[in-house]
Amino acid sequence: MLTKRIIPCLDIKDGRTVKGTQFENLRDAGDPVELGKRYSEEGADELVFLDITATNERRKTLAALVRRIARNLNIPFTVGGGISSLEDVFVLLDNGADKVSINSAAVKRPELIQEIAQTFGNQCVVLAIDAKPIADDWFVYLNGGRVQTPIRLLDWAVQGAKLGAGEILFTSMAHDGTKQGFANTALRQISEVVSIPVIASGGAGTMQDFYDTYTIGKADAALAASIFHFKEIEIADLKRFLHNKKIPIRL
Amino acid sequence: MKVAIIDYGAGNVRSVLFALERLGVEAVLTDDFQTICSADKIIFPGQGEARAAMRQLQARGLDKLIPQLKQPFLGICIGMQLLCEHSEENNTKCLGVIPQKVRLFKGHDLKVPHVGWNTAATATSNAPIWHADLKYYYFVHSYFVEKGDFTTLRCDYGNGFSAGLQKDNFYAVQFHPEKSGRAGELLLNQFLNT
């Protein structure tokens, strides 16, 4: 049976993993290669590396880092952050990344999704969507949540899937960092309008939150950062908890 | 041991090279006939679309070479699908090494692509490489090989499909052993030891 996935997310800055709260108070959390290995040994099903480096040297350091991670990692990993062209994708895949996650660049130029899907296959395009509820609807945000757009969440999810995205990684900005659970109502709505897998992100605080997002939110995978980094929840314990509650999990 | 990975410009071969490196095996990525023919083991990986992949093979003459190879040969993901007769993906005639067909997943409430970790169950158990019961492997694909006479591993998704195939020296898996943790490493090791 296909299992539900647990995906730790690591933020990368200048080749190191950083920990912080909502991109502030960044602290060095060590070598991403070592951390990635540790998570995979603890049972993570996949990893997401999000590059938040802002310098011009970004591309070169990221490619070298991706290569080091790929050499040492025997589970799939996705790289995201600032990807805006086929060339960016080629370099990352050529260095061993399995998928790329694209966000703002795809909103600005939706054909990018199609170009990547046609060149490298749908399976390597993860469409990351950051959104926030306003009145009765959800709207898409850009640039790490700083810029609001008039685009509706469900419209964008449907369009992204049509253009060839292989998965959707949905982050609710209203839930991110709150540890009050995932945005299950919106997640469920996304799952009902697209037929590609949906990854829940933003709001993980307890093991029950994961159970709820797989059941109520119909998520195929759930992503979290701080609860794993700060060892508030151990991946092995989480997997046992979910397994005992009859969620299909890889043990 | 000489291991050749067939180079036909298909997607992510780096992961396979790195996985072999972790197993202490040096492999060469090549489309050179002589290098391929003199290798002890051959791996045929790939990602992407069937028709474009077949064109790449034809442009290099590899579509004629592959069916004649006698060494242990392992197709991975689209490498497995290309070994079959025909793919529904852009109505593509494939290499025809294994007489089975490739279809698109369809079904109400069925997520496509099939992404994630799923179990493979042994369908026929002649070689140790296929003793995979209850192990989890990482899958990512929208097309699948139907179950048939050469199915060695079954996977339950949609109406069920072939996770593994074998005909003579041709082995194939739909999942990515290079990304399937220890279970994948074990399978690669068993292939290298056949």
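Quick note on labels: first sequence line is chain A, next is B, and so on, each numbered from 1. The shown structure was predicted, so the numbers you read here are calculated from the model rather than taken from an experiment.
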Peer 1: Give a yes or no on this: more than 12 heavy atoms of other residues, nucleotides or ligands lie within 6.0 Å of atom NZ of A:Lys245.
Peer 2: yes

Peer 1: What part of A:Arg5 is in contact with chain B, defined as an atom under 4.5 angstrom from a non-hydrogen atom: side chain, backbone, both or neither?
Peer 2: side chain

Peer 1: Which heavy atom of B:Ala27 sits nearest a heavy atom of B:Leu20, and at what distance?
Peer 2: CB-CD1, 3.6 Å

Peer 1: Tell me which of these, A:Ser40, A:Ser195, A:Pro76, A:Ala97, has more heavy-atom pairs under 4.5 Å with chain B than the rest.
Peer 2: A:Pro76

Peer 1: Quick one: which of B:Glu88, B:Glu85, B:Glu89, B:Glu146 gives a salt bridge (charged side-chain N to carboxylate O under 4.0 Å, His left out) with B:Lys101?
Peer 2: B:Glu85

Peer 1: Which members of residues 212-222 of chain A, sorted by number, sit under 4.5 angstrom from chain B on a heavy-atom basis?
Peer 2: A:Lys218, A:Asp220

Peer 1: Counting only heavy atoms closer than 4.5 Å, note whether B:Glu21 contacts chain A via side chain, backbone, both or neither.
Peer 2: side chain

Peer 1: What part of A:Glu192 gets closer than 4.5 Å to chain B, counting heavy atoms only: side chain, backbone, both or neither?
Peer 2: neither

Peer 1: ring-ring contact (aromatic ring centres under 6.0 Å, His included) with B:Phe105: which of B:Phe139, B:Phe161, B:Tyr143?
Peer 2: B:Phe161

Peer 1: Non-hydrogen atoms of chain A under 4.5 Å away: do they reach the side chain of B:His176, the backbone, both or neither?
Peer 2: neither

Peer 1: Take atom CD in B:Gln34; do more than 12 heavy atoms of anything else shown fall under 6.0 Å from it?
Peer 2: no

Peer 1: Looking at A:Gly121, A:Gly166, A:Pro248, which has the largest count of heavy-atom pairs under 4.5 Å with chain B?
Peer 2: A:Gly166

Peer 1: Answer with side chain, backbone, both or neither: which region of A:Asn72 has an atom nearer than 4.5 Å to a non-hydrogen atom of chain B?
Peer 2: backbone

Peer 1: Sort A:Ala161 into side chain, backbone, both or neither according to what part of it lies under 4.5 angstrom from a heavy atom of chain B.
Peer 2: neither

Peer 1: With chain B as the partner, which of A:Gln118, A:Glu46, A:Lys4 has the greatest number of non-hydrogen pairs under 4.5 Å?
Peer 2: A:Glu46

Peer 1: So that I can tick it off, tell me whether A:Arg38 and A:Glu42 are bridged by a salt bridge, with the cut-off set at under 4.0 angstrom between side-chain N and carboxylate O.
Peer 2: yes

Peer 1: Please work out whether the ring planes of B:Phe73 and B:Phe44 are parallel, tilted or perpendicular, with thresholds of 30° and 60°.
Peer 2: tilted

Peer 1: Does the pair A:Tyr39 and A:His229 meet the rule for a side-chain hydrogen bond (donor to acceptor under 3.5 Å, both in side chains), with working shown?
Peer 2: CA-CA 10 Å; A:Tyr39 280 134; A:His229 297 334; 2.6 Å; yes

Peer 1: With only heavy atoms counted, which part of B:Leu110 is less than 4.5 Å from chain A, the side chain, the backbone, both or neither?
Peer 2: backbone

Peer 1: Where does A:Asp45 contact chain B at under 4.5 Å (heavy atoms): side chain, backbone, both or neither?
Peer 2: both

Peer 1: Tell me whether B:Lys2 is salt-bridged to B:Asp40, with the criterion being a basic N under 4.0 Å from an acidic carboxylate O.
Peer 2: no

Peer 1: Does any backbone or side-chain atom of A:Lys99 lie under 4.5 Å from a heavy atom of chain B? Answer side chain, backbone, both or neither.
Peer 2: side chain

Peer 1: Relative to chain B, which segment of A:Thr3 carries a heavy atom at a distance below 4.5 Å: side chain, backbone, both, or neither?
Peer 2: both

Peer 1: Go through the atoms of B:Ser180 and report whether side chain, backbone, both or neither lie under 4.5 Å from a heavy atom of chain A.
Peer 2: backbone

Peer 1: Would you call the rings of A:Phe182 and A:Phe210 parallel, tilted or perpendicular if under 30° counts as parallel and over 60° as perpendicular?
Peer 2: perpendicular

